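Remember, predicted model here, so these are calculated numbers, not experimental data. Naming convention: chains lettered A, B, ... in sequence-line order (proteins, then strands); numbering from 1 in each chain.
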There are 2 protein chains.
Amino acid sequence: MAKVVKAEIDLSTEEKIKEAASKVFTKKGYGNARTRDIAEEAGINLALLNYYFRSKEKLFEIVMGERIQKLFGILTPVLNDKETTLEEKFERITENYINMLIEHPDLPIFVLSELRNDPERFADRLQAKTHLTQSVFVNQLQEKGTKIHPFHFLMNLLGMIIFPFVGKPVLQTVTGGEENYLALMEQRKKLIPEWLNMMLEKA
Amino acid sequence: MAKVVKAEIDLSTEEKIKEAASKVFTKKGYGNARTRDIAEEAGINLALLNYYFRSKEKLFEIVMGERIQKLFGILTPVLNDKETTLEEKFERITENYINMLIEHPDLPIFVLSELRNDPERFADRLQAKTHLTQSVFVNQLQEKGTKIHPFHFLMNLLGMIIFPFVGKPVLQTVTGGEENYLALMEQRKKLIPEWLNMMLEKA
DNA sequence: GTCTATAGCGCGATAGAC
DNA sequence: GTCTATCGCGCTATAGAC
């Protein structure tokens, strides 16, 4: 009777480790991150880390999966919304992404650099090809009759949104501090959709 | 007499190590790279690496400096050329960068991720702030009387050029292989300057 | 200058007490 | 489930022969 109640509100330890791992991996990358750092950050012992997750590698894969989901998960539902126009899609993606990236500024560089280290491993998890090539977004572009490949718009959209965060260490110095940098990012929420619409018209 | 001839055409060893290091560091990042890998790649012994460069750290800093130079060195001379118009600057930067990145596709992700790990260290080496804020390019933009901050154009320019290479692992899968991917990059050499000119006109 | 051999240490992982 | 203590590997760095 008594033993039935178990792992009910067990929001601790396992979740604490995952959060700590996420933090340390993001900051240092897989190679430079030490399991000892993660354990300390989580406020638990090193041995416990191997008790919950079998190894550093295993822990990393789990955390990594969630990060990838966060970075690309914003995209697909918006791209496949049949109710919105292209213009609205531009606005929503820009808004959502910039807000998310202001909160997690070094998410892209982490995901993209780890992705490069082992592209195969995450290929199926992304399923990017199907999500994009068969998306409502791509169809809507093709209906416009543009000669320019739909992916160019996607690259421009993501490039203009994400690159300023990837290059944050440099840009922040150039712009003169975090405050000015963030002000520019806020401006881009309105500017990027405008630029994309211009590209669309001329195409 | 015989011993005088020495280290004349000694383009070997030291240079071989640097090239090997560059390759291995780029592929694996600092933390995951092993000095043994570098030694093997250079076709020399492990001890020799510490003979020429004092340590892994020291070797990394030297290689890193050259990489940063490669990535940002393209920009400054073009941005400060008084003889060319804005339109010509767009064209030259796009052309030069895309050509260079086709040869060294994972240079940006390497530089940017290592830069993030230790931004202070490379701050003075870049001198990005002076190079950019006082550039001919920025002046030319301000003369146009645009209300949009000059850095937005710079971010768009670099974002549209560099991002597709940062995201290469994903994009290559999506586009269906290296060949298609490269074809898109070739197209962008002409498209990106056109888009930037549009932004300029409307601003 | 270039090698072999090894010192010295930090890491991930585990055994075993509680 | 959580801890302490420790193993054993693989790394950087160096000593010393040639």
Using whole Å, what does the distance between atom [atom2] of nucleotide [N] and atom [atom1] of [X] come to?
{"X": "A:Leu46", "N": "C:dT14", "atom1": "CG", "atom2": "C1'", "result": "10 Å"}
{"X": "B:Arg54", "N": "D:dT14", "atom1": "CZ", "atom2": "P", "result": "7 Å"}
{"X": "A:Phe53", "N": "C:dG12", "atom1": "CZ", "atom2": "P", "result": "15 Å"}
{"X": "B:Lys16", "N": "C:dT2", "atom1": "NZ", "atom2": "P", "result": "9 Å"}
{"X": "B:Asn45", "N": "D:dA17", "atom1": "CG", "atom2": "C1'", "result": "13 Å"}
{"X": "B:Leu49", "N": "C:dT4", "atom1": "CG", "atom2": "P", "result": "15 Å"}
{"X": "B:Ile17", "N": "C:dT2", "atom1": "CD1", "atom2": "C1'", "result": "11 Å"}
{"X": "B:Leu48", "N": "C:dC3", "atom1": "CG", "atom2": "P", "result": "6 Å"}

Is there side-chain contact between B:Leu75 and B:Leu158, with heavy atoms separated by less than 4.5 Å?
->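 Yes. Closest side-chain heavy atoms under 4.5 Å.
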Is there side-chain contact between A:Asp37 and A:Lys28, with at least one heavy-atom pair below 4.5 Å?
->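 With C-beta onward as the side chain, the pair touches.
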Quick one: is [N] close enough that its OP1 or OP2 comes under 4.0 Å of any side-chain N or O from [X]?
{"X": "B:Thr35", "N": "D:dC11", "answer": "no"}
{"X": "A:Tyr51", "N": "D:dC3", "answer": "no"}
{"X": "A:Asn50", "N": "C:dG12", "answer": "no"}
{"X": "A:Thr13", "N": "D:dT2", "answer": "yes"}

Taking it one step at a time, do A:Arg34 and A:Glu41 satisfy salt bridge (charged side-chain N to carboxylate O under 4.0 Å, His left out)?
-> CA-CA 11 Å; A:Arg34 296 173 307 158; A:Glu41 176 73 35; over 6 Å; no
State whether A:Glu114 and A:Arg67 are salt-bridged, where the test is any N-O pair (Lys NZ or Arg NE/NH1/NH2 against Asp/Glu carboxylate O) under 4.0 Å.
->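 Salt bridge absent between A:Glu114 and A:Arg67.
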Selection from C:dC3, C:dT2, D:dT2 that lies nearest to any side-chain heavy atom of A:Tyr52 =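 Per side-chain heavy atoms of A:Tyr52, the pick is D:dT2.
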So which nucleotide from C:dG12, C:dT2, D:dA13 ends up closest to the side chain of A:Arg36?
->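 From the listed options, C:dG12 comes nearest.
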When only distance counts, do a donor and an acceptor, one from the side chain of A:Arg34 and one from the base of C:dG12, lie under 3.5 Å apart?
->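 Answer no: no donor N or O sits under 3.5 Å from an acceptor.
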Taking the six-membered ring of A:Phe25 (Phe, Tyr or Trp), confirm whether the NZ or CZ of A:Lys56 is under 6.0 Å from its centre and within 45° of its axis.
->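 Pair A:Lys56/A:Phe25 does not count as cation-pi.
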Contact class for B:Ala33 vs. all strands (heavy atom < 4.0 Å): base, sugar-phosphate, or nothing?
->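 The residue B:Ala33 makes sugar-phosphate contact but no base contact.
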Close residues, residues 55-65 of chain A, relative to DNA chain C [heavy-atom separation under 4.0 Å] =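 Correct list: A:Ser55, A:Lys56.
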State which residues pass ring-ring contact (aromatic ring centres under 6.0 Å, His included) with B:His149; sequence neighbours excluded, sorted by chain then number.
->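 Residues passing ring-ring contact (aromatic ring centres under 6.0 Å, His included) with B:His149: B:Phe151.
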Take B:Lys89 and B:Arg92, measure what side-chain contact (heavy atoms from CB on, under 4.5 Å) needs, and give me the verdict at the end.
-> CA-CA 5 Å; B:Lys89 286 186 176 59; B:Arg92 294 199 187 178; 5.9 Å; no
